[in-house]
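Before any comments, here is the structure.
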There are 2 protein chains.
Amino acid sequence: MATEIRREQAEARLRAVGLKVTAPRLAVLDAVTGHGHLDADAVHTRVMAELPATSLQSVYNVLGALAEAGLLRKIDPAGSAARYESRTGDNHHHLVCTGCGAVADVDCVVGEAPCLTPSNTGGFAVATAEVTFWGRCAECQAASG
Amino acid sequence: MATEIRREQAEARLRAVGLKVTAPRLAVLDAVTGHGHLDADAVHTRVMAELPATSLQSVYNVLGALAEAGLLRKIDPAGSAARYESRTGDNHHHLVCTGCGAVADVDCVVGEAPCLTPSNTGGFAVATAEVTFWGRCAECQAASG
DNA sequence: GAGTTGTTTTGAGTCATTCAAAACAACTGC
DNA sequence: GCAGTTGTTTTGAATGACTCAAAACAACTC
């Protein structure tokens, strides 16, 4: 059964990063995986469908732990709640709608490499580069010109 | 006197964007101009030095109005309060310290143009591209290896 | 199967920011 | 110059995402 296999894989991934396997962690991983960009509240709603006793605080704890472990990626666009996605490790970028806050993935900017290198680092030890495109999503364009 | 000239220029800039000239606006403009990246609280502190009756709420109002008018630029890195800078119109980018939240300007990334063009816009009407580099500033590196 | 260590829950608290209404001041036209 | 209008500032309260802390609990180790 596909569900069983997914769960075993999820358990293995948790163990691989040194995290204990718990029901809330499996539920959160499952809730986020393949469902785009969810904020803590949306994750909580999804998680409660199969694990009704889960507190929002736990969802915050778990999301934080999973993001720190690299199993999830956290994005935090200005003006919205933080969102989490399951697509990690490929340093893709994001499009954020200024109207409704919707987020879409951008596989890669044209030219890729240049975007990771600032021309002068001002003494900073640069670890990551984050690219965010702001615009209006198709729905918001349709809704108000 | 330089101060006089600066004030007249500030008044002209406010009028040019259709905003009424008020003491709080002149004070905020003066507080931010040439002083890097300040959050609302830091601006408030600076403004109060010369206009002690100014409320924090007014600072928020003014910063919002000036940013919307393009006289200031707002940056809002994840995990810090929003910051405002007087350098506008050149689409420069930022380095943000993951330790202390310090912000530094990056004149331009190497290769410039590619960074403004996502490879697929997913139906979005893209208006701006924002590039943020995350790392540790010189002080934080010195403080903790 | 008991102990240890890390996780989840519960409950309260923080902080940047926003909302709303009343007091007030800048610009317009006379 | 002065009254009216419109936009701004103040005051006070509220919101919402998120964090802190301590107690209850459950995974993994031996």
Side-chain angles (χ1 to χ4, degrees), chain A residues 7-8 10-29 31 37-45 47-48 50-69 71-72 74-84 96 101 103, chain B residues 7-8 10-29 31 37-45 47-48 50-69 71-72 74-84 96 101 103:
Chain A
R7 209 185 79 129
E8 278 164 27
E11 290 189 11
R13 291 169 68 203
L14 285 171
R15 283 185 225 280
V17 295
L19 289 173
K20 287 185 179 171
V21 176
T22 67
R25 284 179 178 167
L26 291 171
V28 166
L29 215 37
H37 311 84
L38 278 57
D39 62 20
D41 214 60
V43 173
H44 185 221
T45 300
V47 165
M48 286 213 295
E50 69 172 81
L51 209 66
T54 313
S55 67
L56 177 58
Q57 176 64 58
S58 284
V59 171
Y60 274 108
N61 292 160
V62 171
L63 287 172
L66 298 185
E68 195 176 358
L71 263 44
L72 294 179
K74 177 183 186 177
I75 59 175
D76 198 351
S80 318
R83 287 156 178 272
Y84 295 83
V96 183
V103 176
Chain B
R7 208 185 79 129
E8 278 164 28
E11 290 188 12
R13 291 169 68 204
L14 286 171
R15 283 187 225 279
V17 295
L19 289 173
K20 287 185 180 173
V21 176
T22 68
R25 285 179 177 167
L26 291 171
V28 166
L29 214 39
H37 311 84
L38 278 58
D39 63 20
D41 213 60
V43 173
H44 186 221
T45 301
V47 165
M48 286 214 293
E50 69 173 80
L51 210 66
T54 313
S55 68
L56 177 58
Q57 176 64 58
S58 284
V59 171
Y60 273 105
N61 291 161
V62 171
L63 286 172
L66 297 184
E68 195 177 357
L71 263 43
L72 294 179
K74 178 182 187 177
I75 58 175
D76 198 351
S80 317
R83 287 156 179 272
Y84 295 83
V96 182
V103 177

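When reading the values below, keep in mind they use all heavy atoms of this one structure, side chains included, and skip hydrogens, waters and symmetry mates.
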- Task: Could you pull out the closest heavy-atom pair between A:Ala31 and A:Leu38, with the gap in Å?
- Result: O-CD2, 3.7 Å

- Message: Do B:Lys74 and B:Leu63 have side chains that approach each other closer than 4.5 Å (heavy atoms only, starting at C-beta)?
- Response: no

- Euclidean distance, A:Leu51 CG relative to A:His44 NE2, rounded to 0.5 Å: 9.5 Å

- Note on the structure: note: B:Leu19, atom CG; C:dA25, atom C1'; distance rounded to Å ~ 15 Å

- Hey, what do you get for CG (B:Asn61) to OG1 (B:Thr54), rounding to the nearest 0.5 Å? 11.5 Å

- A:Leu14 atom CG is separated from C:dT7 atom P, nearest whole Å, by 10 Å

- Is A:Arg15 near enough to D:dA27 that one of its side-chain N or O atoms lies under 4.0 angstrom from OP1 or OP2? no

- Message: It should be established whether B:Ser58 places a side-chain nitrogen or oxygen under 4.0 Å from OP1 or OP2 of nucleotide D:dT8.
- Response: no

- Query: Looking only at heavy atoms, which two atoms of B:Asp76 and B:Ala81 are closest? And how far apart?
  - Reply: OD1-C, 4.3 Å

- Message: Using modelled atom types and a 3.5 Å cut-off, is there a donor and acceptor pairing between side-chain atoms of A:Arg25 and backbone atoms of A:Lys20?
- Response: yes

- Can you tell me how far P of D:dG16 sits from NE2 of A:His44, to the nearest Å? 17 Å

- Query: Can you find a pair of side-chain heavy atoms, one from B:Asp41 and one from B:Val59, that are under 4.5 Å apart?
  - Reply: no

- Non-hydrogen atoms of A:Ala69 and A:Leu19 that approach each other most closely: CB-CD1, 4.0 Å

- Query: Where is the tightest heavy-atom contact between B:Gly101 and B:Val96, given as atom of each residue plus distance?
  - Reply: O-CG1, 4.2 Å

- Message: At less than 4.0 Å, is any side-chain N or O atom of B:Thr22 found next to OP1 or OP2 of D:dT9? Yes or no.
- Response: yes

- Item | Contact state string [nucleotides 14-23 of chain C, B base, S sugar-phosphate only, - no protein heavy atom under 4.0 Å] | --SBBB----

- D:dT9 C1' sits how many Å from B:Leu63 CG, rounded? 14 Å

- Task: Write down the distance between CZ (B:Arg25) and P (C:dA25), rounded to a whole number of angstrom.
- Result: 15 Å

With the criterion being N/O to N/O and under 3.5 Å, what pairs connect the protein with nucleotides 1-5 of chain C, and how long is each?
unit_1, atom_1, unit_2, atom_2, d
C:dT5, O2, A:Lys20, NZ, 3.0

- Contact class for B:Ala65 (heavy atom, under 4.0 Å): base, sugar-phosphate, or nothing? nothing

